[in-house]
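What follows is a single structure, written as structure tokens, with notes after it.
To find a chain, count down the sequence lines: A is the first, B the second, and so on, and within it residues start at 1.
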Amino acid sequence: MSNLRLDKAPFDLDATLCCGQVFRWDKMGDWWYGVAGKSVLKVRQRGEELEFANTDEKFVRRYFGLDDNLRQISRAIGKDAHIRKALEEFWGLRIIRQEPLECLISYICATYKSIPAIKHMLNNLSRKFGEKVVFEETDFFGFPEPRRLARASLAELADCGLGYRAKYVLETSKRIFDDSFVLERLWQMPYEQAKLELCSLPGVGPKVADCVLLFGLGKFEAFPVDVWVKRVLLNHYVGQLTTEAVQRLSKTEGLSNTQYRLLSEFGRGYFGKFAGYAQEYLYHFERLYG
DNA sequence: TTCCAGGGAGTAT
DNA sequence: ATACTCCATGGA
């Protein structure tokens, strides 16, 4: 068991793990349990103190983004009353550094699904194809290696509840496994180029790409847009959008490609290089109170 | 039962 | 380039 004092690093563990960026953490009592890499992490927060087990401080700092300068980020994105309200409400929410592959597969699965259903799918995938790790007499499962997913059958994947996403997960896993696509190479690419590369994968469009770039590859300017974010922007940012843009957005219920680019570029332009942080605060706020 | 979900691909214009 | 349609499934 180790402790970490959060003196100069505001952090809210609950908000960070509940805001829908990760899907495989569970709270038992006041402890959170999650699997990263091949080990089970156990974390709880008591005020300014973060307690953790089965991992080390270096990993915790990196995984939870504790070295991001949240005050500086907050000053950069705090452009208006609404975002400042969300920042205040969830102060200490941070963008987690997910493992890129888990992040990619997770958000391919997440398309057109609710969060409880996504959790269900990913837990099924991990139980079926991940490595079992026993911790505190409980079975946990690591996220599947690309090799296991690449060699799975469509039926096995479909059995996990993936539906029509099964073939996307399979084909993308094959491209990762045979090294024709190297996720790590995107780290040093600029945002736009990395996004273009990601969108060449089956099951990956602009939304999934932005999520992977933000949550897995440290591109904080990525501004993923879904129906919730569209809702936020139409409810609170009409003044900052052009009237022509608002008309185009109100025309249809869903989110066309054109609408996606419009909103994503607005977010990036308006909130700046930490737009992804703004997006996550706004998204969480809209889901809880919208 | 019906509706909706952290959208993407395929096809028609 | 842009718009329309279909998609499997679980949860509310």
Side-chain angles (χ1 to χ4, degrees), chain A residues 15-25 86 90 93 95-96 98 102-125 127-128 153-173 175 195-217 219 222-234 244-245 247-265 267 275-290:
Chain A
T16 299
L17 291 175
C18 288
C19 69
Q21 54 178 326
V22 286
F23 305 103
R24 290 197 336 112
W25 280 83
F90 309 123
L93 186 162
I95 302 289
I96 290 177
Q98 298 184 36
E102 173 167 357
C103 189
L104 172 62
I105 301 298
S106 296
Y107 280 93
I108 289 176
C109 290
T111 61
Y112 205 45
K113 271 294 185 188
S114 67
I115 288 180
I118 299 164
K119 292 181 175 179
H120 184 240
M121 286 188 282
L122 296 174
N123 282 328
N124 287 343
L125 269 185
R127 251 197 304 278
K128 196 187 262 279
S153 71
L154 271 180
E156 286 177 307
L157 292 172
D159 278 346
C160 295
L162 300 197
Y164 61 85
R165 302 160 194 80
K167 61 178 181 293
Y168 302 146
V169 168
L170 181 60
E171 293 310 312
T172 289
S173 298
R175 289 199 51 189
K195 184 168 179 176
L196 222 58
E197 293 276 331
L198 277 170
C199 287
S200 73
L201 292 170
V204 180
K207 162 64 166 57
V208 172
D210 274 329
C211 286
V212 176
L213 291 167
L214 176 59
F215 301 128
L217 294 165
K219 308 286 193 225
F223 191 83
V225 179
D226 63 3
V227 292
W228 294 97
V229 174
K230 177 180 176 181
R231 229 166 270 165
V232 178
L233 296 177
L234 277 179
E244 186 200 344
Q247 279 185 334
R248 284 168 75 179
L249 292 168
S250 310
K251 208 158 48 181
T252 57
E253 268 303 313
L255 197 58
S256 70
N257 255 337
T258 312
Q259 293 189 0
Y260 186 94
R261 204 174 55 229
L262 175 68
L263 292 175
S264 187
E265 281 173 5
Y277 254 95
Q279 187 272 1
E280 204 53 18
Y281 275 86
L282 293 174
Y283 170 79
H284 193 44
F285 192 89
E286 191 68 14
R287 282 179 54 88
L288 260 55
Y289 308 120

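Listed by chain and residue number, nothing satisfies the salt bridge (charged side-chain N to carboxylate O under 4.0 Å, His left out) test with A:Lys207 (two or more places apart in sequence, or in another chain). A:Phe90 meets the ring pair (Phe, Tyr, Trp, His ring centres under 6.0 Å) test with A:His284; sequence neighbours excluded. In this view, A:Arg287 satisfies the side-chain hydrogen bond (donor to acceptor under 3.5 Å, both in side chains) rule with no residue, not counting sequence neighbours. Residues that satisfy the side-chain hydrogen bond (donor to acceptor under 3.5 Å, both in side chains) test with A:Trp228, not counting sequence neighbours, are absent from this structure. The side-chain hydrogen bond (donor to acceptor under 3.5 Å, both in side chains) check on A:Tyr277 picks up A:Asp68, with sequence neighbours excluded. With sequence neighbours excluded, no residue forms a side-chain hydrogen bond (donor to acceptor under 3.5 Å, both in side chains) with A:Glu197.
Here salt bridge (Lys or Arg N to Asp or Glu O under 4.0 Å) pairs that include residues 102-115 of chain A, with residues two or more places apart or in two chains, are A:Arg24-A:Glu102.
For A:Asn257, the CG atom sits in a loose shell: 12 or fewer heavy atoms of surrounding residues, nucleotides or ligands are nearer than 6.0 Å.
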Extract all donor-acceptor atom pairs below 3.5 Å that involve side chains of residues 247-254 of chain A and protein atoms in other chains or at least two apart in sequence.
residue	atom	partner	partner atom	Å
A:Ser250	OG	A:Val246	O	2.7
A:Thr252	OG1	A:Gln259	NE2	3.0

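Straight-line distance between the P atoms of C:dA8 and B:dT11: roughly 14 Å, to the nearest whole Å.
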Encoded 5' to 3' (Watson-Crick or G-U under 3.5 Å; [ ] crossing; | other strand), DNA chain C becomes |||||||.||||
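The separation between A:Leu255 atom CG and C:dT2 atom C1' is 14 Å, rounded to whole Å. When the P atom of B:dA5 is taken as reference, atom CG of A:Leu122 falls 19 Å away, rounded to whole Å. Distance A:Lys113 NZ to B:dG7 P: 11 Å, rounded to the nearest Å. Atom NZ in A:Lys119 sits roughly 11 Å away from atom P in C:dA12 (whole-Å rounding). Computed from coordinates, the A:Phe23 CZ to C:dG10 P distance equals 17 Å when rounded to whole Å. A straight line from CZ of A:Arg287 to C1' of C:dA12 spans 13 Å, rounded to a whole angstrom. Regarding A:Asn123, its CG atom lies at a distance of 11 Å from the P atom of C:dG11, rounded to whole Å. Following rounding to the nearest Å, A:Leu162 (CG) and B:dA9 (C1') show an atom-to-atom distance of 17 Å.
Counting only heavy atoms from C-beta outward, the side chains of A:Leu198 and A:Lys195 never approach each other to under 4.5 Å.
Once rounded to the nearest 0.5 Å, the distance linking OG of A:Ser114 with NE2 of A:His120 reads 11.0 Å. To the nearest 0.5 Å, the span separating CG on A:Leu122 from CG on A:Leu162 amounts to 8.0 Å.
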N/O contacts under 3.5 Å, protein versus nucleotides 3-7 of chain C?
residue	atom	partner	partner atom	Å
C:dA3	OP2	A:Thr258	OG1	3.0

Report, one pair per line, the protein and nucleotides 11-13 of chain B atoms (nitrogen or oxygen only) whose separation is under 3.5 Å.
none

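Along DNA chain C, the nucleotide nearest A:Gly163 and the nucleotide nearest A:Ser114 are compared for position; the residue whose nucleotide lies closer to the 5' end is A:Gly163.
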For this session: Show your working on ring pair (Phe, Tyr, Trp, His ring centres under 6.0 Å) between A:Tyr107 and A:Phe23 and close with a plain yes or no.
Result: CA-CA 10 Å; A:Tyr107 280 93; A:Phe23 305 103; 5.4 Å; yes
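Residue contacts for A:Gly203: at a heavy-atom cut-off of 4.0 Å it reaches the sugar-phosphate backbone alone, with no base atom in range. Nucleic acid contact class of A:Leu201 (heavy atoms, under 4.0 Å, all strands): sugar-phosphate only. Among the protein residues, A:Ile115 comes within range of the sugar-phosphate backbone only, with heavy atoms under 4.0 Å from sugar or phosphate atoms but none that close to a base. Contact annotation for A:Tyr168: backbone-only contact, meaning every heavy-atom pair under 4.0 Å involves sugar-phosphate atoms and none involves a base. Residue A:Glu280 is in base contact, counting any heavy-atom pair closer than 4.0 Å across all strands shown. Residue A:Arg165 is classed as a base contact, given a heavy-atom separation below 4.0 Å to a base.
Interface residues of residues 224-234 of chain A facing DNA chain C, ordered by number: none; criterion, heavy-atom separation under 4.0 Å.
With A:Phe223 as the fixed residue, the side-chain contact (heavy atoms from CB on, under 4.5 Å) test singles out one of A:Leu263, A:Val229, A:Leu214, A:Leu213: A:Val229. Across A:Asp210, A:Ile95, A:Ile96, a single residue satisfies side-chain contact (heavy atoms from CB on, under 4.5 Å) together with A:Phe215, and that is A:Ile95.
OP1 or OP2 of C:dT2 has at least one side-chain nitrogen or oxygen of A:Arg261 nearer than 4.0 Å.
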